[in-house]
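Structure first, then comments.
All of these numbers come straight from a predicted model, not from anything done at the bench. Per chain, numbering begins at 1; letters A, B, ... match sequence-line order.
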Amino acid sequence: MNAQQRTSTYNFAYLDEQTKRMIRRAILKAIAIPGYQVPFASREMPMPYGWGTGGVQVTAAILGPNDVLKVIDQGADDTTNAVSIRKFFERVAGIATTTKTSHATIIQTRHRIPEVPLTAGQVLVYQVPNPEPLRFLEPRETETRKMHALEEYGLMHVKLYEDIARNGHIATTYAYPVKIEGRYVMDPSPTPKFDNPKMHMSDALQLFGAGREKRIYALPPHTQVVSLDFEDHPFEVQRFDKPCALCGAEQVYLDEVILDDRGNRMFVCSDTDHCESRRAKGYRGELGGAQ
Amino acid sequence: MMGAPAAALEGGFADPVLDAQSVFRTIMDAMARPGSVLAMKPLVVPPAPLGSAAGAVACTLIDADTPFWLDPMLSAHGTLGAWLGFHTGASAASVPGSSHFALIGDPMAMLPLDQFAQGSQDYPDQSTTLILQLQSLSEGAPLTFEGPGIKGRSTIAPKGLAADFARQWRDNAKRFPRGVDLILTGTDAIACLPRTARLIQAEN
Amino acid sequence: MYVAVKGGEAAIDNAHRLLADRRRGDRDVPALTLDQIAEQLALGVDRVMSEGSLYDRRLAALAIKQARGDLIEAIFLLRAYRTTLPRFGYSEPVDTGAMLVERRISACYKDLPGGQLLGPTFDYTHRLLDEVLDGDPAVDVGLQRTDAQEPATHIADILGAEGLIEEDAPAAASEPGDINQTPMEFPLSRATRLQALSRGDEGFLLALGYSTQRGYARSHPFAGEIRIGEVDVELFVPELGFAVPVGRVQLTECQMVNQFKGSAKVPPQFTRGYGLVFGQSERKAMAVALCDRALRAEELGEEVVAPPQDQEFVISHCDNVQATGFVEHLKLPHYVDFQAELGLVRNMRAEHEAMSGSEAREAAE
């Protein structure tokens, strides 16, 4: 954990107070209507749209001096964009940061949910590129808004069913749509569907920020999150044949690493903190070296 | 602001940035865990009869983009409107149905919930958030809730709500996703009731 | 033993160090000054101010320098800076009729009140590279008119006097929307669309405007009038009870005059497309005016048949800061999702092989 010296040329956490208030109001509405996408007047941030501006604005609006922030991208703390966002908050808010999931009060993420269940008091902030789960079926916002208003999700079921007809199973592997408390269909952000069950009845508050598309949505803790499926084709998550080659973990999401140009590859935890914690406790996978 | 009495200028946040942040986190946690009573430090000193908890919530959330409405009990105190105007930059809404926030000093006599903005089916977020000032959050008749944010059930006992609050709140839930959200304030604590909080038991 | 790749932080620092080095280039070549950029690359500065939505020549010049001349990057820098500025209030509407005109032309009339003023234009220059500019040749001072300027009546007022052109919409009783402060809700008002177009990408709007000339949502435009010059910006001060000037900005305004067949309610008359942008950006103002007119299709009872008439399509995609961010975000790691897709493709291939294998067996049997 490192507390940092804050750059004083900008307001605490970069955003001006009026912008923070606007975002905070949107967050409260998002919590009050779980799964509904609240429009907000997203601002230009000093990183590009599509690189986490929604998550960054949400984090900036909730962040306080006592928070401990963790930033992950693809499950890892040391991917370049995670490093860049973490440094941004160290600079503009002077807050403490960590790579340890259990130490963090706020975790900003792109594409993964940590393997260890989150706890009450933690907030998970997702970076969302396309908040509208129906967008690829219907490009018009005016239409999709109507579909949500009327709870008309037939199109989504048709799409999933066409998958089954064509492939024998649903061919959506990430950004797999979920239904919240039996009402709104929601995009879980491009996390692999492996992570969908972690959203259900989580102890942590989950906030979703889409900067370019100007939407904020939320899942309060203990909220029902159901992945869409059919009785004869129930929702399933990905399975990996092998445990993590470094820490031996099973039932976790793995990254495939190409070792050479002769087709040799290994599978390792995508959640780097989870992998490191396990190895620190002495767990070893087949390529993890001696204890 | 010219001509405003001194009482309207004093009593705001000592540290507008960090005080607003800490109050917001309390509100956010309370909204995410309906029915939990969370302590609130006295960070503002509004003119009577507005309490410090309700005043802090107002200073945290309201600004020039969000017209507010005061119930007759609060609007009878002219200084209060001036104080809110000075500290938030917001202006008063002409009717409750066009307000983003409504401050209710006398919840027993308050307007029915359906008189405030409910949002539309397309934009259910465009609804009024009510900030109620109550005598206590723990000494009234218990109300038990279920819903998102609540592990199992949660119970609060606000004192000073309208006699038919239970019926009104159930009607509010029927309008979902439209409907209002409530921020209940006591002297030094707050609790929230988003529209999703289902009232399952009310004792009289 | 395999060791996962680490050092994202050091890699980023080193990359930025190299970027700073490349930005500066050969140290023997003198560094550009902001004055040089603002004075000699003024139209680039104008574009950055216009699409950056911030009127400040010095900051726009700084952004161009920092962005190594990449104007979209410079626009992005200016927008990000703009986010941090507190908002003091809204100015009164500027009066382009009272503009101190430096250029004003109309393609509709040979002459008109206020005259045709060519001003500093590339029009009618022969596009021949001028090798002399490789040095710093002496340049004659531009000639300045000495007589008082005759008021340059807006073309719409001239046509309007005869009732030949649609009237200005009455000023809305409420404030126009503000695309910075309010999330967009489709359908957008014309005022809100014009704001978005005014800071939209010049290239995108140019191409869309061009497509209307080639038959996609054809609207038979005439360049009614283009004017470039400075106007006063005034702010109403409630304590004083009147508006006070707070500064002056250079604007380019384009009024397109378009045919309209008329409808059951409205007799045939000319309609308008309008463009207003910061600085001297004539191509942009014209493109905005063409797009504005095309986007009014629904209001004028025209059939919506082409992309430039579709406000969700045009407005959702005209912002180059949004567009460049999202296109370029494809550079970010996506290996978690790619892994998910890899797994799916492998499964599907295995199923396919099993299937064709069993089909082959069946055929053999």
Side-chain angles (χ1 to χ4, degrees), chain A residues 10-11 14-16 18-19 22 39-46 48-51 53 73-75 78-84 87 110-112 129 139-142 167-168 171 173-175 190-194 212 214-215 238 245-246 253-257 259 266 268 270 272 287-289, chain C residues 1-12 15 52-53 76-87 178-187 310 312-313 316 319 321-344 347-348 351 355:
Chain A
Y10 293 105
N11 191 23
Y14 187 77
L15 297 174
D16 63 283
Q18 193 186 357
T19 300
M22 177 271 295
F40 81 112
S42 174
R43 305 288 197 248
E44 275 86 7
M45 297 301 288
Y49 282 120
W51 297 54
T53 55
D73 187 337
Q74 314 296 300
D78 62 342
T79 31
T80 41
N81 204 43
V83 170
S84 160
K87 279 176 95 170
R110 178 170 170 266
H111 294 193
R112 272 316 307 280
R140 266 167 215 288
E141 166 68 13
T142 35
N167 310 306
T173 58
Y174 60 92
T191 47
K193 66 179 179 177
F194 180 88
R212 191 179 41 81
K214 307 186 191 323
R215 296 289 183 273
Q238 289 100 338
L246 296 181
Y253 198 81
L254 301 176
D255 287 338
E256 181 171 339
V257 180
L259 295 172
M266 66 189 284
V268 297
S270 127
T272 49
L287 297 173
Chain C
M1 180 195 154
Y2 170 79
V3 182
V5 184
K6 287 262 176 192
E9 200 154 342
I12 291 175
S53 218
F76 178 18
L77 283 168
L78 218 54
R79 288 262 197 101
Y81 175 73
R82 186 183 188 281
T83 293
T84 67
L85 300 177
R87 175 168 292 259
D178 180 341
I179 58 170
N180 299 292
Q181 299 301 104
T182 339
M184 290 184 199
E185 260 177 46
F186 292 104
D310 180 339
E312 279 208 51
F313 179 79
S316 303
D319 190 288
V321 179
Q322 288 174 8
T324 197
F326 202 49
V327 167
E328 295 196 46
H329 110 284
L330 294 173
K331 294 181 283 190
L332 289 178
H334 283 77
Y335 46 74
V336 164
D337 293 345
F338 188 69
Q339 187 62 50
E341 293 288 273
L342 262 181
L344 178 69
N347 280 344
M348 284 165 63
E351 283 168 17
M355 191 102 72

Does atom OH of C:Tyr81 have more than 12 heavy-atom neighbours, drawn from other residues, nucleotides or ligands, at distances under 6.0 Å?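 Open.
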With a cut-off of 6.0 Å (strictly less than), are more than 12 heavy atoms of other residues, nucleotides or ligands near OH of A:Tyr49?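 Counting other residues, nucleotides and ligands, OH of A:Tyr49 exceeds 12 neighbours.
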Examine whether an atom of [X] lies under 4.5 Å from a heavy atom of chain C, and if so say whether it belongs to the side chain, the backbone or both; otherwise answer neither.
| X | answer |
| --- | --- |
| A:Thr80 | both |
| A:Arg140 | both |
| A:Thr191 | backbone |

Using non-hydrogen atoms only, which part of [X] is less than 4.5 Å away from chain A: side chain, backbone, both, or neither?
| X | value |
| --- | --- |
| C:Phe76 | side chain |
| C:Glu328 | both |
| C:Leu77 | neither |
| C:Asp337 | both |
| C:Pro333 | both |

What residue in [options] has the most heavy-atom pairs under 4.5 Å with chain C?
| options | value |
| --- | --- |
| A:Gln18, A:Gln238, A:Arg110 | A:Arg110 |
| A:Tyr253, A:Phe40, A:Tyr14 | A:Tyr253 |
| A:Met22, A:Met45, A:Lys193, A:Arg215 | A:Met45 |
| A:Ala171, A:Pro190, A:Ser270, A:Gly168 | A:Pro190 |

Which residues pass the ring pair (Phe, Tyr, Trp, His ring centres under 6.0 Å) test with C:Phe338, sequence neighbours left out?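 If we apply the ring pair (Phe, Tyr, Trp, His ring centres under 6.0 Å) test to C:Phe338, skipping adjacent residues, there are no hits.
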Ring pair (Phe, Tyr, Trp, His ring centres under 6.0 Å) with C:Tyr335: which residues, sequence neighbours excluded?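 Here no residue qualifies.
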Return yes if some donor-acceptor pair links the side-chain N/O of [X] with the main-chain N/O of [Y] below 3.5 Å, else return no.
| X | Y | answer |
| --- | --- | --- |
| A:Glu256 | C:Gln339 | no |
| C:Thr182 | C:Asp178 | yes |
| A:Gln74 | C:Val336 | yes |

C:Ser316 and C:Glu312: side chain donor to acceptor below 3.5 Å: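 On atom types as modelled, these side chains do not qualify, holding no pair under 3.5 Å.
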Please identify, among C:Asp310, C:Leu330, C:Asp319, the residue contributing the most non-hydrogen atom pairs under 4.5 Å to chain A.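 Looking at each option in turn, the highest pair count goes to C:Asp310.
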If you count heavy-atom pairs under 4.5 Å between each of C:Arg87, C:His334, C:Arg82 and chain A, which one has the most?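 Looking at each option in turn, the highest pair count goes to C:His334.
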How far does OG1 of C:Thr83 sit from CG of C:Asn180, to the nearest 0.5 angstrom?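 C:Thr83 OG1 to C:Asn180 CG: 8.5 Å, rounded to 0.5 Å.
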